[in-house]
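Both backbone and side-chain heavy atoms feed into the values below; hydrogens, waters and symmetry mates do not.
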Amino acid sequence: MNILGSLDWNDIFIVPFLKEPTLSTGIAAGAGGIVVLGALALALLLTVKGWWKPLWSEWITSLDHKKIGVMYVVLSGIMLVRGVLEAVVMRAQQVSPAPGFLSVEHHAELFSTHGTIMIFFVAMPFLTGLINVVMPLQIGARDMEFPFMNAVSLWLSVGGAALVMASLVVGHFETGGWTAYPPYTGINLSPNEGVDYWIWSLALTSVGSTLSGINFAVTIYKQRAPGMTLMRMPIFAWTTLCTAILMIFAMMPLTVASLMLALDRQAGFHFFTAAQGGNMMNFANMFWLFGHPEVYILILPAFGVFSHVIPTFSGKKLYGYTSLVWATIAIAVLSFTVWVHHFFTMGQTTNLNAIFGIATMTIGVPTGVKVYNWLLTMYRGKLRFSTAMLFSAGFMFTFVIGGVTGVMLANPTIDFATHNSLFLVAHFHNMIIPGVLFGMFAGVNYWFPLCFGFRLDETWGRRSFWLWMVGFYLAFMPLYAIGLMGAPRRMAFFTDPAYLPWLVIAMFGALMVLGGLAAQVIQIWVSVKNRESLMVPAGDPWDGRGLEWSLGCPVPEYDFTTVPHITSREPWVDAKAQGKRVIDPTEFVDIHLPKSTGLPFVTAMIATIGAFALIFQMWLIAAVFFVAMWVTVLIRSYDTDWEETISAEELRKGYEAHKHLVETTPKATFEDEFTSKNRGLILEEVV
Amino acid sequence: MSHINSDLGMDSAEYKHALARYVWGFALSIVLTLLGVVLAGGGIFSTGLAWSIVGILAVAQLVIQFWAFMHLDLSKEARPDLYLVLFTFLLIILMAAGTVWVLADLASRMGMGGM
Ligand code: HEM
Ligand SMILES: [Cu+2]
């Protein structure tokens, strides 16, 4: 047996191009080259600037929930760049004369990686990161319940993403779409390592997500500040709780189904084969048992963001708190009752389809309730269109269109005609881009000062919004049209000339979206450069309403100097109404925070190498790394010296310093909100 | 739970109460399991009836273990935990029963028997 398993020279990214230079292999080699050169350039930058050490000691080993959150968002941002670039290449492929410049396999790899990356390595880490930063601050907690496990989750997700990146350099990714249905992904029809890349990168990240879900739910149950009853929790904490519960239960079917597929492929099992009593339809069933709750995992946190951004920039209390909470709970439960709508055409009886069709339409109701909540919050408010608010407004407008097409698809008879067409592709991008990305972008623009102490540049932020918004419409409205004309999804090229004008518009839209992404990169660059004038040291730069804004910006490591006692739903608004600029301290006591440790990183990287070994069937190496991974867990279990203390005295000093800062910061009004006069604690001028 | 050993004296009433609960749980679980084994192997009842009785015994054991080891009961303090456990069961039943339903329905359309 070869110790290196099935790995050979032809798997290295540049070799196929050298053997057979075409545009398609050239693009593959180029993409691999970008990954390798990018990694080298990053290493060089870190060395030249001497950043290796701070990177290790300040970030990689940190167990601080805010830093872990930031690292999640950075991961998501990097993967978003790849996902959007792939989308642009696909769009270019379909407008060039048939059969285009990509081989059919290469195009299939592109939509498979694009889908997998966008869901698992963009949307998931993005929302997990945002929750990590904000949720503990909103409920008056000092950290997650399990900070060590939190870091393990992060690095497992990074490991999964690293495997997907590695597939550009070594070997291939799969070609069966992000859903990877057998029998096509069985060993007979997909003998190479592609499907194994999909299985093991998902295994790493879905374990990470399950652990995150447990962490979030337990934190919310156990760590709320005294007096914060469930019905006093901010909506973002509520949507986090529901998302966390969905994560705990919904990741499981995916993990199990993908491991069953692995057993079929490598160990001769027959879960999903036609022979020996297997049933591939159960894969579709299990995949969507995960897949539908997953879309609500993705969207609920964004709903939470909008429920804070809209009241803040409307200067009004959220309309209908209780109905929003119940709508969120209803969505969470109902999301487990509709999964069959993803395979209406698989052959069930019409009765079964009808029941799931009706269930699907039902879930639209609580979602509709929420849109009215936000609209009524804005009604007669004094709206201020910051970047975060623009993304929220753009979301509401666009999301309703996507929701309407979703209700159309919920009707099985209509679904039979549109299933697997570009109409469907238009529908889910119509939900996911406003519903997830716009929400996350709004959240980043809104909460950024909590992490870094300065606001993001508004000019570039608004530019990025308009590019994303218009780009989205141009990229996806044409797909509704040609979808109804009969264009199937996942096609490498079309020969019907009637589609071409629409595809050209869609290509243009994808380029605009790419421009929007570029504008965001520029936005961050410009903001870092001008950070002095964007600094908001006193905190609360938008007249915010949640507890997180009662802290200075950036929020200190220990978050709260004293744990606040909560007596209402909006304690910070109440305090400000009484003319206070800090929440009264309770009792200063010594607190314990977990020490930094590199162990979560090491554990996850060992797991990642083990997964890589599994992909290329290096069984011996995989076994060694599997054992090594558990050894690191053992090491942690015997580590008793893992806490450090912050003294009550230090906390008192922190409080006094913040109080002094807040009292000496000159007041600014809404007119100055986006100027350098806003040093935090902005307040509306009372006339 | 660790606080039973650390915070309370070994002869406090609370400790004895908790210990009794564990012992009861353990004993009842063993009895119910043995009963199941005897029923399955004994051939006293018809197969169908034996299946149902073993099923009921299994559910009974589940309830007892939640009561004895997870400290779940109908008291007010245990209410939030109870809701969580019930919710968990709801989801598991939805997924498991849903899967059986869908697959049986598919099988019925392929002439493979089933419903
Ligand atoms: C940013 C702009 C985006 C563009 C231009 C874009 C474009 C595309 C294109 C061209 C396809 C292939 C359609 C086909 O089957 O022919 C596709 C598929 C897909 N996209 Fe996107 N996309 C974008 C963003 C996103 C985002 C944000 C997500 C999710 C978070 C996403 C998730 C997916 C998924 C799941 C598929 C299906 C892959 C498959 O067929 O297995 N996309 N997208
Ligand atoms: Cu769905």
Heavy atoms of other groups near B:L74 CG, more than 12 under 6.0 Å:
no

For B:F26, is the CZ atom crowded, meaning more than 12 foreign heavy atoms sit under 6.0 Å from it?
no

Given that the side chain runs from C-beta out, which part of A:M252 has a heavy atom under 4.5 Å from chain B: side chain, backbone, both or neither?
neither

Which one, A:L352, A:N282, A:V333, A:L289, leads in non-hydrogen pairs under 4.5 Å with chain B?
A:L352

Looking at every non-hydrogen atom in both residues, tell me the closest pair between B:R109 and A:G347 and how far apart they are.
NE-O, 2.9 Å

Might you confirm whether atom CE of A:M361 has over 12 heavy atoms from other residues, nucleotides or ligands at distances under 6.0 Å?
yes

Looking at chain B, which one of A:V340, A:I245, A:T349, A:T337 has the largest number of heavy-atom pairs inside 4.5 Å, strictly under?
A:T349

Plane angle bin for A:F249 and B:F87 - parallel if under 30°, tilted between 30 and 60°, otherwise perpendicular:
perpendicular

Sidechain-backbone polar pair: A:N285 side chain, B:T99 backbone, donor-acceptor under 3.5 Å:
no

Quick check on B:L94 against chain A: is it the side chain, the backbone, both or neither that has a heavy atom closer than 4.5 Å?
both

Is there side-chain contact between B:L106 and A:F343, with at least one heavy-atom pair below 4.5 Å?
no

Under 4.5 Å from a heavy atom of chain B, the part of A:I355 involved
side chain

